[in-house]
Structure formats: C-alpha cells, structure tokens
Amino acid sequence: MPLALLALAVGAFGLGTTEFVMMGLLPDVADDLNISIPTAGHLVSAYALGVVIGAPLLAALTARLPRRTVLVSLMALFVAGNALSALAPGDDSLLAARFLSGLPHGAFFGVGAVVATNLVAPERKARSVSLMFMGLTVANIAGVPVATLVGQHLGWRATFLGVSLIGVAAMAAVLLLIRPAHTPAPATGLRGELTALRSLPVWLALATTVVGFGALFSAYSYITPMLTASAGYTQGSVTLLLALFGVGATIGNLVGGRLADHAMRGTLFGGLVSMVAVLLLFPVLMRTQWSAALAVVLLGVAAFVTGSPLQLMVMERAAAGPSLASSANQAAFNLANAGGAWIGGIALAAGFGVTSPALAGAALAVLGLGVASVAYAVDRRRAVPAPGRERVVASHVPEATDLAHSS
C-alpha cells in the first residue's frame with residue numbers, strides 16, 4: 001500500500017478526534033462558559049450540521065480543482081475552525097466555530113476516498129478506503145481519550161489547539177506524500193458530478209448508509225446507560241469501554257476492506273446480518289460485565305465491516321463523477337447518527353427498557369438489509385457487473401491505471 005495513504009489517515013484521525021471529543025468535554029465547556037449541559041450539547045449538533053451541509057457543498061464548489069489542492073484546502077479550513085473554537089470568547093462564537101470545523105469533514109472523507117482508490121491497483125480499492133478510515137477508528141481508541149484527558153487537565157481550549165496541530169500535520173503529510181501528478185483535476189467537473197448523483201443506484205446506496213449506520217447509532221448513542229444501569233459498570237469505566245468499541249471498529253474496518261475487495265456485496269450483506277445478530281443479543285449480553293464488554297467490541301466490528309463496502313458502492317454507482325457522491329455518503333453517515341439516536345431515544349422514552357435502543361437498532365439493520373436487497377435487484381436489472389468484480393472509475397483521466405502500475 002502506498003505511503004500516501006498515511007496522509008489521508010492522519011487527516012481522518014484529526015477529524016474523528018474533534019468530532020467525538022466534544023461529548024467528553026461538555027461538562028468542562030458548560031462550566032467555563034456558564035451554560036447548561038443541554039445548551040452545550042448544541043455544540044455537538046452544530047458540528048454534525050456542518051458535516052451534512054459542507055459535504056456536498058464543498059465537494060461541488062471544488063469539483064474543478066486538483067484533488068490534492070482540495071484536500072489541503074479542506075484541512076486548512078479544519079485547522080481554522082478548531083483554532084477559532086479554542087479562542088471563542090462565548091458560547092455563540094464557539095457554536096459558529098464548531099459549525100465551521102464540521103464543514104470540511106464530509107468532503108475530506110469523500111474526496112480522500114476517491115484519491116485513495118486511485119493510489120492502488122483495482123483489486124485493492126476497498127482496502128485503500130479502509131486504511132484511510134482507520135484514522136477515524138483509531139481516533140476512538142487513542143485520539144478521543146487523550147484529547148479528553150488534555151481538556152480535563154489543561155482546559156478544553158488546549159484540546160482544540162492540539163487538534164489544530166493535528167490538522168497542520170495532515171496538511172504537511174498531504175503535501176509531502178501525495179504527488180500532484182496523482183491527483184489531477186477531474187475531467188467531468190460539476191456537471192458530471194451532478195449527473196452521476198441523479199442515478200437511482202447511488203441514492204439506494206446512500207439510503208443503505210443512512211439506515212444501516214442508523215442501526216449502530218440507535219444503540220451506541222445510549223451505550224453509557226446500558227453499561228451502567230444494566231451491566232453494572234461505574235461511570236468512570238465507560239471511557240475504557242468506549243475505547244474497546246474503537247478497537248472493534250478498527251478490526252471491522254480492516255476486515256471489511258479486505259473482504260470487500262473479493263466480494264463487495266457479500267461483505268455488505270454479511271455486515272448487516274452480523275449487526276442484526278449482535279443488536280438482538282444486546283439485552284442478554286448486557287446482563288454481566290464481561291459479556292457487556294464483548295458486546296461493545298462486537299458492535300464495533302459488525303458496524304464497521306460495512307463501512308468500506310458502502311463507501312465503495314456509492315463511488316462505483318457514481319463512476320463518472322464520484323467525488324460529490326462520495327462526500328454525500330459522509331453526510332448520510334451523519335444523518336444516520338442523528339436519526340438513529342432519535343429512534344433509539346423513542347424506544348427508551350416509551351419505557352421498553354434500558355437496552356431497548358439496541359432492539360430498535362436491530363429493526364433498522366433489518367430495514368437496511370431490505371434497502372440493500374432492493375439496490376441489488378436494481379443493479380441486476382441494469383446489468384451491473386457481478387459483485388466482487390466491480391471497479392471504481394474515478395474519472396475520465398488515466399490516473400487510476402498509471403497509479404496502479406506506479407504503486
């Protein structure tokens with residue numbers, strides 16, 4: 001695998017850290033700014049809103065630019081947003097800075113996924129995407145816990161300054177490791193990107209992301225009360241258990257990338273079926289501490305096995321102009337975050353028990369299997385190449401072929 005993938009992983013690590021660290025810093029931010037915890041919670045929503053809006057918008061605005069330039073510019077915006085977060089004098093300015101920080105998130109992952117697939121031979125495309133995403137999963141193991149500890153001991157502003165430095169390192173890595181010849185401007189431009197986005201298979205792939213990952217967030221959003229009220233863990237143990245989720249996610253991401261290069265559709269269906277099974281077992285697994293820890297790891301594995309196949313499927317269905325669709329998939333991921341948490345909250349508020357969000361997630365995973373099945377039927381009707389032999393055509397320039405030979 002080319003060393004250039006490391007540059008993308010560093011950027012993903014920074015994005016993942018700043019996205020999730022706010023959950024652990026909410027009490028500190030609320031105390032410092034004299035606001036309530038629910039009001040501080042809007043800072044999480046502001047970032048997610050920035051991702052949903054920024055992913056397609058920035059991908060569209062940069063459709064004619066060389067992708068290396070786009071990646072560096074997006075990371076510069078990320079650095080600015082986190083630096084402004086650190087310097088924000090009040091909650092309103094911090095809210096705006098968090099929104100700004102979220103804008104480049106989806107576009108970086110979307111454009112980065114296209115660049116990653118162009119850096120490797122065709123039979124390693126899914127693996128290249130999984131290696132970039134590994135920065136996101138490792139952020140849950142190391143980045144978020146360390147950043148949270150920094151914020152608790154040195155102040156939350158120090159955390160965002162540190163994340164800004166990660167962004168600077170990512171910019172330097174992109175400039176040093178990704179050659180301009182490997183990331184020319186797409187030949188299709190915005191018109192080609194928009195045309196590719198009109199495809200029904202693309203929208204079915206995006207819908208699979210929303211519903212499939214909605215299943216994850218239905219359970220994961222309420223994992224803390226499950227671990228404390230059902231499994232009997234103390235509040236202080238939850239941070240370590242969430243790191244275990246990151247371990248499972250990293251394993252699932254790497255396994256999913258490797259399997260998807262051989263059978264993309266089979267890996268997707270296998271991941272969704274695994275998620276149904278794990279979530280259905282949650283009420284049983286949450287009865288003891290050791291099985292609850294196992295459940296957290298298994299949830300990470302099952303969910304992130306589907307990550308690379310879903311990203312690659314969206315890109316392949318939008319082969320003539322994949323950057324916009326690839327970025328839109330990141331917006332879909334954040335819609336899944338919001339929608340899954342909402343559905344899990346409904347189950348919890350209805351009094352079905354502390355583990356009921358997991359059962360709601362299992363229902364969403366079954367629905368995801370249904371959407372994926374419809375997508376498969378549509379692909380067969382349109383005579384899409386057989387699963388496992390599908391290939392991404394990132395643009396109409398010969399960059400992918402040249403890179404396969406060079407790497």
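Start at 1 with the first residue, then count along the sequence.
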Is [Y] close to [X] at the side-chain level, that is, under 4.5 Å between some pair of heavy atoms?
| X | Y | value |
| --- | --- | --- |
| L95 | R98 | no |
| R68 | L175 | yes |
| V354 | Y222 | no |
| L279 | M275 | yes |
| R157 | L87 | no |
| V129 | K125 | no |
| S128 | L5 | yes |

Inset, instruction - Kindly say whether S326 contributes a backbone atom to a donor-acceptor pair with the side chain of Q311 at under 3.5 angstrom? - result: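 Yes.
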Only pairs under 3.5 Å count here: list side-chain donor-acceptor contacts from residues 223-230, not counting sequence neighbours, and write none if there are none.
| residue | atom | partner | partner atom | Å |
| --- | --- | --- | --- | --- |
| T228 | OG1 | T224 | O | 2.9 |
| T228 | OG1 | P225 | O | 3.4 |
| S230 | OG | M286 | O | 2.9 |

Going by atom type alone, with no hydrogens or angles, which donor-acceptor pairs under 3.5 Å involve a side-chain atom of residues 70-83 and a protein atom two or more places apart or on another chain?
| residue | atom | partner | partner atom | Å |
| --- | --- | --- | --- | --- |
| S73 | OG | T69 | O | 2.8 |
| N82 | OD1 | T18 | OG1 | 2.7 |
| N82 | ND2 | F78 | O | 2.9 |

Inset, instruction - For side-chain contact (heavy atoms from CB on, under 4.5 Å), just list the numbers for L136 and L15, CA-CA rounded to whole Å, side-chain angles, deciding distance to a tenth of an Å, and then say yes or no. - result: CA-CA 7 Å; L136 177 65; L15 290 163; 5.9 Å; no
Give me the atom names and distance for the closest heavy-atom approach of [X] to [Y].
| X | Y | answer |
| --- | --- | --- |
| A331 | A55 | CB-CB, 4.1 Å |
| R124 | D261 | CA-OD2, 3.4 Å |
| A292 | Y233 | CB-CE1, 4.1 Å |
| V174 | A7 | N-CB, 3.7 Å |

Anything under 3.5 Å between a donor and an acceptor, one on a side chain of residues 241-259, the other on a protein residue two or more places apart or in another chain? List them.
| residue | atom | partner | partner atom | Å |
| --- | --- | --- | --- | --- |
| T250 | OG1 | T137 | OG1 | 3.0 |
| T250 | OG1 | G246 | O | 2.9 |
| N253 | ND2 | S130 | O | 2.5 |

Inset, instruction - Supply the atom-to-atom distance M132 CE to L6 CG, rounded to the nearest 0.5 angstrom. - result: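 Spacing of CE (M132) from CG (L6) equals 13.0 Å.
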Inset, instruction - If the plane angle is over 60° it's perpendicular, under 30° parallel, otherwise tilted; pick one for F213 and F217. - result: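 If you compare the ring of F213 with that of F217, the planes turn out tilted.
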